Number of protein chains: 2
Amino acid sequence: MYTIERHSEILNILEEKKSISVEKLSKMLYVSAPTIRRDLSLLESQGRVMRTHGGVVLKQAAEKEIPLMLREDQNSDSKKIIAKKATEFVRDGDVIFLDASSTVAHIVPYLKNFKDIIVVTNSPLISMKLGEEGIRNYCTGGLLLIHSVAYVGSEAERFVSTINADVLFFSSRGYEENGNITDSSVEEASIRKAMMKNSEKAYYLCDDSKKNKKYMYNICSFKDVTKIVTETE
Amino acid sequence: MYTIERHSEILNILEEKKSISVEKLSKMLYVSAPTIRRDLSLLESQGRVMRTHGGVVLKQAAEKEIPLMLREDQNSDSKKIIAKKATEFVRDGDVIFLDASSTVAHIVPYLKNFKDIIVVTNSPLISMKLGEEGIRNYCTGGLLLIHSVAYVGSEAERFVSTINADVLFFSSRGYEENGNITDSSVEEASIRKAMMKNSEKAYYLCDDSKKNKKYMYNICSFKDVTKIVTETE
DNA sequence: GCAAACTTTCGTATAATTTCGTAATTAGTG
DNA sequence: CACTAATTACGAAATTATACGAAAGTTTGC
């Protein structure tokens, strides 16, 4: 067995056992302990395992730093429910628009069950999460709107206007009983309109916390939306 | 048997055995070990196999290459030094291109000392880091190249071509003594060329680990670069 | 055509590097 | 403090990189 084969073998073993001692690895792989330690140092420097006195533990993908935005996410549970419901409207082969909201971000994990989908989003965060799940995706690019981690502006909208999507999932800051869907930034309202214009269907994802909140900019009205997805009925 | 026939024969053998020694290949194909090694270097630079001391292993598609974004990056200290040195070439008010390399990513924290700069990058990761530092930035958008967390393709290049930048900071997988700067993916090489074309100045950031590594795709040559920034002189 | 100059390919020889075990020293743990 | 584990140092064996030259194939100019 070659060195790099041994490295992936160590990872395989860890995948199964989560942690193991240097001594056991040494016996299992028929090499001396110093060799195992060298291997582990390397794997540690690559950030794949964590060494401890006497052994190693697998570094879980859990402790990644990215979801900073999503961590401080409120109503995360309802959003998850809504996201799952939304996947009902996805078909294999669809071209999907996702806006840059945290609600919509929760759809990502569910999308990997579909084949040959292409996703277009204006959120770098969602784009990267899609990438992690192995989902082919395009990002619009444009000016980064910092507080909402979204690309906006003419560049972003131009990109959107070149795509013909099957479905759009979007959210917003608030909606009113009368059907007005509103947001607090022009730029974001604008790009959502652009997405809506170029998508066959548009699903509005909203949790109850958004009810009866009115912000400065109008996105659209309930009647412009194919369906509204909520946690309740 | 011609050279390229030998190459595909090596791949065939590997397909079946997954890994094999240089010595065995040498005997099976009736050529000397150095010849096999040359073949393997080539196949490796094409990303089809992984060399290891004593032999080669097939690069499984499944070979879970930890995405850049989760990988703790190596040579982080030298990269930090290089990044700091690079900031010497930034002026207030500059429009700056940053490519999607981890070396270049280390520049971000130093950029917040400059006023009125605008940064354009094809990396969602760098874009978000810039955002966190409060630096005004645009991302190119385009197709997400997963393993390097970079946007590439015609959309990304089109965006770049609309920008006139003052400086570009870029890196690559490898460079040779003779001045060739190369990378392992066409797409990434291509977008770097596009950035170079539209920037007044271009600084190549390279740490010693990249020395004398040759990959399949040419980006440019030392003479096309304004200055090379290294950890040493 | 044809020969000279050039390029590509490959083997040989040698220098440099990698890998890995042993042994000695240092550090960590209960 | 005793015991185990980790680090460091070092040497041996194997592998690889490099330099160089020979042979075969290509290109160029006449």
Side-chain angles (χ1 to χ4, degrees), chain A residues 1-11 13-14 17-59, chain B residues 1-11 13-14 17-59 74-75 77-78 173-180 182 184 206-216 218 221 232:
Chain A
M1 183 181 313
Y2 298 111
T3 310
I4 58 171
E5 287 182 303
R6 197 177 55 238
H7 293 162
S8 43
E9 190 55 34
I10 290 173
L11 289 174
I13 291 169
L14 273 177
K17 309 208 174 196
K18 302 304 169 200
S19 73
I20 193 167
S21 71
V22 171
E23 194 189 1
K24 279 187 185 167
L25 279 176
S26 163
K27 280 180 181 159
M28 288 171 77
L29 300 170
Y30 307 102
V31 291
S32 70
T35 299
I36 293 294
R37 292 199 180 91
R38 277 185 281 255
D39 292 344
L40 297 181
S41 301
L42 185 86
L43 291 172
E44 186 179 43
S45 77
Q46 292 176 353
R48 302 164 77 133
V49 303
M50 288 168 58
R51 302 184 62 187
T52 64
H53 202 79
V56 255
V57 300
L58 185 64
K59 190 156 183 181
Chain B
M1 185 184 309
Y2 296 111
T3 309
I4 52 171
E5 287 181 302
R6 198 176 54 240
H7 293 164
S8 48
E9 189 55 32
I10 290 174
L11 289 174
I13 292 169
L14 271 178
K17 308 208 173 196
K18 303 305 171 200
S19 75
I20 193 168
S21 72
V22 170
E23 193 189 3
K24 279 186 185 167
L25 279 176
S26 161
K27 281 179 181 160
M28 289 170 76
L29 301 170
Y30 306 104
V31 291
S32 71
T35 300
I36 294 294
R37 292 198 182 93
R38 277 184 281 255
D39 293 343
L40 297 181
S41 302
L42 186 83
L43 291 172
E44 186 182 43
S45 75
Q46 292 176 356
R48 318 238 264 179
V49 303
M50 291 168 60
R51 299 187 64 188
T52 180
H53 208 80
V56 254
V57 304
L58 185 63
K59 191 155 184 181
Q74 294 175 311
N75 299 70
D77 289 341
S78 1
R173 285 293 201 83
Y175 73 94
E176 298 169 273
E177 296 273 21
N178 66 13
N180 273 343
T182 60
S184 59
C206 73
D207 53 285
D208 286 351
S209 70
K210 284 158 183 176
K211 193 171 177 178
N212 284 321
K213 294 203 174 155
K214 185 182 184 177
Y215 293 88
M216 196 169 182
N218 242 313
S221 165
T232 60

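Everything numeric in this text was worked out from a predicted model, so none of it was measured. We name chains A, B, ... by the order of the sequence lines, and we start the count at 1 in each one.
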Distance check needed: C:dG11 P versus B:R38 CZ, whole Å only.
7 Å
If you count every heavy atom of other residues, nucleotides or ligands that lies below 6.0 Å from B:K27 atom NZ, does the total exceed 12?
no
Which heavy-atom pair separates B:L40 from B:V49 by the least distance, and what is that distance?
O-CG2, 4.1 Å
Nearest-angstrom distance from the residue atom CG of B:L29 to P of C:dG11:
11 Å
Between B:R6 and C:dC10, is there a side-chain N or O to OP1/OP2 distance below 4.0 Å?
yes
Between B:S19 and A:Y2, the two heavy atoms sitting closest are OG-CE1, 4.1 Å
Nearest to side-chain heavy atoms of A:V22, which nucleotide of D:dA5, D:dA6, C:dT12:
D:dA6
In whole Å, what is the span from the CG atom of A:L42 to the P atom of D:dT7?
14 Å
Report the residue (A:P34 or B:V31) whose heavy-atom-nearest nucleotide on DNA chain C is the more 5′ of the two.
B:V31
Starting at atom CG of A:D39, determine the distance to atom P of C:dC20, rounded to an integer number of angstrom.
7 Å
So B:S26, base contact, sugar-phosphate only, or nothing? Heavy-atom distance under 4.0 Å.
nothing
Separation of A:Y2 atom OH from C:dT18 atom C1', in whole Å?
14 Å
Would one find a side-chain N or O of A:T35 under 4.0 angstrom from OP1 or OP2 of C:dC20?
no
Determine: side-chain N/O of B:T3 to OP1/OP2 of C:dC10, distance under 4.0 Å, yes or no.
yes
Separation of A:R37 atom CZ from C:dA23 atom C1', in whole Å?
13 Å
Proximal nucleotide (of C:dT22, D:dA5, C:dT12) relative to the B:S32 side chain
C:dT12
Can a side chain N or O of B:R51 be found less than 4.0 Å away from OP1 or OP2 on D:dA17?
yes
May I have the distance from B:I36 (atom CD1) to D:dT15 (atom P), rounded to whole angstrom?
14 Å
Just checking A:T52: base, sugar-phosphate only, or nothing, at a heavy-atom cut-off of under 4.0 Å?
sugar-phosphate
Nearest-angstrom distance from the residue atom NE2 of B:H53 to P of C:dG21
13 Å
Let me know which of A:V31, A:V56, A:I20 forms a side-chain contact (heavy atoms from CB on, under 4.5 Å) with A:I36.
A:V31
State whether the number of non-hydrogen atoms from other residues, nucleotides or ligands found under 6.0 Å of B:Q46 atom CD is greater than 12.
yes
